[in-house]
Amino acid sequence: MGKLTINKQQDGFELDGRRFFYLGDTVWSAFTGISPDEWDFYLKKRRQQGFNVLQINTLPQWDRCLSDTGLYPFATDDGHTFDFTKWNEAYYENARNMCRMAVSYGFQLALVVLWLNYVPDTWGSRIIGKNIMPKAFVSEYAKRVAAEFDEFHPIYVISGDTDFDSPEAVSYYETALSAICSASPDSLKTMHIRRGYDVIPESFLDRLDFYMFQSGHNRDAQDMAYLLPEQMLAKYPKKPLINAEPCYEQMGYSRHAYGRFQAEDIRKAAWTSLLSGACAGVTYGAHGIWNWNKLHKPHNPVLGEGFDAPFLWQDAIQFPGAWDYGFIRHFLQSENLLPLIPANSLLANETADIRMAQAPGGRYVIYLPRSTKVQIHTKLQGYTARALSLDQKRYAVLDCDIRNEQTEIEMHPFANDAVLILQKEA
């Protein structure tokens, strides 16, 4: 399989000379939670649904569901606290076999090196601080990761869900990044950062190939899906951007708030990110897949952000939003709509949840969470408008009128969210 690279425009990926839309699935707990038969089924299903990248933690996920594989990278008595002086070779043999299977199905791998709970003075290690990796071991561990997985040409995600709010945390990640750069100089590298966070230490920037951000699972802060890419585009050198952890389908709201994110919520997170500058791709998550929940397994006492109970993985893999995300990839590629350049300044509508971007060929794409007239601060003479219902996958042709030096597009007829495509007639 070919190796991912960054395109010359610094707005996306290429694979074998063609634009590659990164459609990831978070299966953080894969190496500790999934049997070979389960993994084979998972890979077949996710390939059917259109995914092409898998985001996996190389260490046990701190808030995973407990499983029956018994595989951990180091000696452990309880599956949570590790003896970092004693490697478990069976864990890495199994992980390599899983990677080999995934690559044979056509997936790219995005492997996290050091999740935040293994690093001191991060928000996660302040909750559970009993399994901090010794600083002197970080470089050795990172080099071991490269030695085990480099044959699969993965993306190395140096950090997991982290903040960089202390010199000690920055120092840990500096050590891990330097080690990966030394051991795997040609691989793509990035950082996975915490929800609502847009801080990347300046000393890291020249060694990162693209940026990840996380709009996350807080019910009252879903505007992060478009605010974060706007902020990061303004702050940092131009590189591809990905919402690597939007709200997960059927995830309970964080901090024990009652309710769960539905397919429409996750579609909104994806589309508002894509049209706001993060058009290199997007990641999906299902509550029960990322943590791999199995029947009759004990509850993990580590709560992380405090979510409601997950669904069984067999149910979670069938959630409708996975097909919606696969459709996003198919639609953007088949319509040749990439790259998308943010164009919200053209919108006269004051609702920030409506997002607009320019696509190749002078076309425009607009996301509407709910139907309303759309007004644009320019005369799009000779343009036609189509509305695509994102839940029913139906099209409607809309009137597109010029009034008072503006373009007005009539309401679409669908009850839920839709995307408008504006195109000048030939």
Side-chain angles (χ1 to χ4, degrees), residues 9-12 198 211 213 215 221-236 238-243 246 264-265 267-280 282 328 331-332 335-390 394-426:
Q9 296 75 29
Q10 291 287 303
D11 59 17
D198 67 348
Y211 309 126
F213 64 92
S215 57
Q222 288 301 299
D223 55 357
M224 289 293 108
Y226 55 81
L227 292 177
L228 287 173
E230 290 178 341
Q231 292 163 196
M232 296 182 78
L233 284 171
K235 288 176 63 172
Y236 300 120
K238 182 181 179 182
K239 293 180 182 179
L241 261 174
I242 290 175
N243 189 346
E264 189 170 349
D265 300 309
R267 290 197 303 265
K268 181 179 179 181
W271 280 102
T272 56
S273 294
L274 290 164
L275 299 182
S276 303
C279 73
V282 70
I328 290 172
F331 175 74
L332 293 176
E335 294 272 350
N336 191 28
L337 291 172
L338 296 170
L340 291 161
I341 301 170
N344 254 55
S345 60
L346 294 177
L347 279 175
N349 299 69
E350 295 181 358
T351 302
D353 284 351
I354 300 174
R355 310 306 293 177
M356 180 174 179
Q358 186 170 3
R363 293 171 294 168
Y364 294 93
V365 181
I366 301 172
Y367 170 77
L368 292 167
R370 290 288 180 267
S371 186
T372 189
K373 289 182 180 179
V374 175
Q375 293 180 314
I376 300 171
H377 285 309
T378 189
K379 294 193 294 183
L380 297 179
Q381 197 73 47
Y383 273 70
T384 60
R386 290 178 292 151
L388 167 66
S389 166
L390 292 175
R394 297 174 180 173
Y395 279 103
V397 177
L398 306 180
D399 288 336
C400 194
D401 299 320
I402 307 298
R403 296 179 182 175
N404 300 321
E405 301 299 310
Q406 293 187 336
T407 303
E408 183 176 285
I409 304 166
E410 70 170 321
M411 291 173 53
H412 68 71
F414 306 120
N416 296 312
D417 52 340
V419 165
L420 310 186
I421 305 98
L422 312 183
Q423 183 170 351
K424 194 167 186 178
E425 292 180 329

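Being a predicted model, the structure only gives us computed values, none of them experimental.
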*Hey, are the side chains of Tyr367 and Asp417 touching, using non-hydrogen atoms and a 4.5 Å cut-off?*
yes
*How many angstroms lie between atom CD of Gln381 and atom NZ of Lys424, to the nearest 0.5 angstrom?*
8.0 Å
*Is there a donor-acceptor pair closer than 3.5 Å between any side-chain N or O of Lys268 and the backbone N or O of Gln222?*
no
*Closest approach of Ala225 and Ser273, non-hydrogen atoms and distance?*
O-OG, 2.8 Å
*Between the main-chain N or O of Gln423 and the side-chain N or O of Thr384, is there a donor-acceptor pair closer than 3.5 Å?*
yes
*Testing Ile354, Leu346, Val419 for side-chain contact (heavy atoms from CB on, under 4.5 Å) with Ile366, which one passes?*
Ile354
*asked:* Between Arg363 and Asn336, does the side-chain contact (heavy atoms from CB on, under 4.5 Å) criterion hold? Intermediate values first, please.
replied: CA-CA 10 Å; Arg363 293 171 294 168; Asn336 191 28; 4.1 Å; yes
*For residues Lys373 and Asn349, report the shortest heavy-atom separation together with the two atoms involved.*
O-ND2, 2.9 Å
*Answer yes or no: are there more than 12 heavy-atom neighbours, outside Arg394 itself, under 6.0 Å from its atom CZ?*
no
*How long is the span from the NZ atom in Lys235 to the CG atom in Leu228, to the nearest 0.5 Å?*
9.5 Å
*Taking all atoms of both residues into account, what is the closest heavy-atom pair of Pro342 and Ser276, and its distance?*
CG-C, 3.5 Å
_Between Leu420 and Tyr364, is there a side-chain heavy-atom distance shorter than 4.5 Å?_
no
*Using modelled atom types only, decide if a donor and an acceptor are shared between the side chain of Ser371 and the backbone of His412 within a distance under 3.5 Å.*
yes
*Output yes when a side-chain donor or acceptor of Gln358 lies under 3.5 Å from a complementary backbone atom of Ala343, and no otherwise.*
no
*Atom CG of Leu227 and atom CG of Asp198: how far apart are they, to the nearest 0.5 Å?*
10.0 Å
*Of all the heavy-atom pairs spanning Arg267 and Leu390, show the shortest one and how long it is.*
NE-CB, 3.7 Å
*Could you tell me which non-hydrogen atom of Phe213 sits nearest to which non-hydrogen atom of Met224, and how far apart they are?*
CE1-O, 4.3 Å
_Side-chain donor-acceptor contact under 3.5 Å, Thr272 with Arg355_ = no
*How about Lys379: does its NZ atom have over 12 heavy atoms from other parts shown lying under 6.0 Å from it?*
no
_Could you walk me through whether Ile328 and Trp271 satisfy the side-chain contact (heavy atoms from CB on, under 4.5 Å) test, starting with their C-alpha distance in whole Å, then the side-chain angles of each, then the deciding distance to 0.1 Å, before giving a yes or no?_
CA-CA 9 Å; Ile328 290 172; Trp271 280 102; 3.7 Å; yes
*Could you give the distance from OG1 (Thr378) to OH (Tyr383), rounded to the nearest 0.5 Å?*
9.0 Å
*Are any non-hydrogen side-chain atoms of Ile376 and Met356 less than 4.5 angstrom apart?*
yes
*To the nearest 0.5 Å, tell me how far Gln406 CD sits from Leu380 CG.*
10.5 Å
*Could you check Leu368 against Phe414 for side-chain contact (heavy atoms from CB on, under 4.5 Å), going step by step and ending with a plain yes or no?*
CA-CA 11 Å; Leu368 292 167; Phe414 306 120; over 6 Å; no
*Nearest 0.5 Å, what's the CD-CD distance between Glu408 and Gln375?*
5.0 Å
*Does Leu274 reach the side chain of Pro229, with side-chain heavy atoms less than 4.5 Å apart?*
no
*For residues Gly277 and Leu233, report the shortest heavy-atom separation together with the two atoms involved.*
CA-CD1, 3.6 Å
_Is the shortest side-chain heavy-atom distance between Leu340 and Leu332 below 4.5 Å?_
yes
_Could you check whether any side-chain heavy atom of Ser389 comes within less than 4.5 Å of a side-chain heavy atom of Asn416, counting everything from C-beta outward?_
no
*Under the side-chain contact (heavy atoms from CB on, under 4.5 Å) criterion, do Phe331 and Val365 qualify, and how do the steps go?*
CA-CA 12 Å; Phe331 175 74; Val365 181; 5.6 Å; no
